[in-house]
Amino acid sequence: MSLRNSMSLVLAPPHPAGRPFLWGGAAVAVLGGLILGAWLFWLGAAFTGFCLYFFRDPRRVPPPRPGLVLAPADGKVVLVGPAVPPAELEMGSAPRQRVAIFLSVLDVHVNRSPVLGRVGRIVYRAGAFFDASLDKASEHNERNGLRIDLPDGGNLGCVQIAGLVARRIVCTAREGDQILAGERFGIIRFGSRTDVYLPEGVKPLVTLGQTMIGGETVLAELGTRG
């Protein structure tokens with residue numbers, strides 16, 4: 001990768017959800033620096049710089065091949081295996097293959113749709129703020145779940161989960177929306193996790209510890225249903 005491409009990933013424009021933090025940091029730097037001195041200017045500038053990095057929203061290029069399930073977020077795979085989808089998504093009580101991706105504060109936190117389909121259900125649940133890398137975070141932490149209905153009649157679950165530091169889940173999708181694979185649908189502020197419940201019979205193609213690139217890394221293929 002060229003230096004230009006590397007810099008474009010780091011210096012990508014921020015997601016709109018980061019604007020209040022950026023304006024707040026800039027205000028502290030300018031006004032606080034003028035009133036209370038240079039130390040507050042540098043503190044505000046450092047916070048603004050961190051927010052520019054955290055809320056970066058780089059362009060992603062989904063693979064053109066149809067029938068793929070893409071990673072919904074950047075981060076590291078921390079869980080792969082059968083699990084029952086959240087009851088509020090109305091996806092049945094049978095276990096499905098789940099892939100859980102943990103996002104550190106250094107990862108891009110923009111969420112992207114894993115598949116092409118229609119947003120059939122969105123449900124927010126208040127909850128705790130355990131470390132998002134723990135298995136119990138799926139059940140107990142604050143979360144926002146989406147059920148995406150596929151053209152062939154199947155469905156997939158994608159759940160935004162707040163973590164130890166995260167305190168705000170943003171979802172811009174609406175029930176009934178048609179959504180493309182790799183399309184942005186939200187963001188989680190400051191450390192989090194995103195779980196994908198694959199369609200019935202679909203097997204994951206990733207493993208524990210693998211690094212994901214949201215909107216580009218292939219999690220599974222819909223044609224692998226058995």
Side-chain angles (χ1 to χ4, degrees), residues 15 17 69-75 77-103 109-204 206 212 214-215 219-220 222 225:
H15 188 276
V69 180
L70 306 180
D74 290 24
V77 176
V78 292
L79 292 169
V80 178
V84 177
E88 63 266 21
L89 294 184
E90 301 179 353
M91 296 173 61
S93 58
R96 302 185 179 203
Q97 290 294 320
R98 176 186 61 178
V99 178
I101 302 171
F102 175 73
L103 296 76
H109 274 59
V110 176
N111 293 133
R112 294 171 167 84
S113 174
V115 290
L116 166 71
R118 184 183 69 87
V119 180
R121 190 162 175 79
I122 300 177
V123 183
Y124 168 81
R125 286 285 184 268
F129 297 96
F130 295 116
D131 185 336
S133 64
L134 301 176
D135 190 15
K136 64 180 179 180
S138 292
E139 180 180 357
H140 298 293
N141 279 23
E142 175 181 321
R143 65 181 184 263
N144 184 69
L146 289 78
R147 189 191 73 220
I148 301 176
D149 298 330
L150 305 177
D152 66 359
N155 55 44
L156 172 147
C158 188
V159 184
Q160 301 168 286
I161 301 173
L164 189 64
V165 181
R167 288 296 186 272
R168 183 74 171 93
I169 296 174
V170 177
C171 179
T172 55
R174 296 291 181 268
E175 290 186 0
D177 285 354
Q178 296 293 326
I179 196 165
L180 301 175
E183 182 178 345
R184 300 170 179 86
F185 72 83
I187 189 171
I188 315 175
R189 294 175 183 167
F190 307 121
S192 54
R193 196 172 104 192
T194 306
D195 289 359
V196 174
Y197 293 85
L198 296 173
E200 291 181 315
V202 174
K203 299 178 180 179
V206 296
M212 300 288 101
L219 292 186
L222 297 178
R225 294 178 184 176

Inset, instruction - Would you please name every residue forming a side-chain contact (heavy atoms from CB on, under 4.5 Å) with P151, sequence neighbours left out? - result: none
Legend entry - Contacts of N141 that satisfy side chain to side chain donor-acceptor pair (under 3.5 Å) - sequence neighbours left out: none
Legend entry - Residue list, side chain to side chain donor-acceptor pair (under 3.5 Å) with T194, at least two apart or on another chain: N111
Legend entry - Contacts of type side-chain contact (heavy atoms from CB on, under 4.5 Å), residue A181, not counting sequence neighbours: L70
Inset, instruction - For residues 77-95, pull every pair meeting side-chain hydrogen bond (donor to acceptor under 3.5 Å, both in side chains), keeping only residues two or more places apart or in separate chains. - result: E88-R143
Legend entry - salt bridge (charged side-chain N to carboxylate O under 4.0 Å, His left out) involving R118 - partner list, sequence neighbours excluded: D149
Inset, instruction - Could you tell me which residues satisfy side-chain contact (heavy atoms from CB on, under 4.5 Å) with L116, sequence neighbours excluded, listed by chain and number? - result: L180
Legend entry - Close side-chain approach of L79 to V99, heavy-atom, < 4.5 Å: no
Inset, instruction - Applying side chain to side chain donor-acceptor pair (under 3.5 Å), name anything that partners D177, two or more places apart in sequence or on another chain. - result: none
Legend entry - R121: side chain to side chain donor-acceptor pair (under 3.5 Å) partners, not counting sequence neighbours: none
Inset, instruction - May I ask you to test the V119-R147 pair for a side-chain heavy-atom distance under 4.5 Å? - result: no
Inset, instruction - Given side chain to side chain contact (heavy atoms under 4.5 Å, CB included), test S113 with I148 step by step and report yes or no. - result: CA-CA 9 Å; S113 174; I148 301 176; 3.6 Å; yes
Legend entry - Residue pair Y197 / V84: nearest heavy atoms and the distance that separates them: CE2-O, 3.7 Å
Inset, instruction - Check whether any side-chain heavy atom of V159 sits under 4.5 Å from a side-chain heavy atom of L146, and report yes or no. - result: no
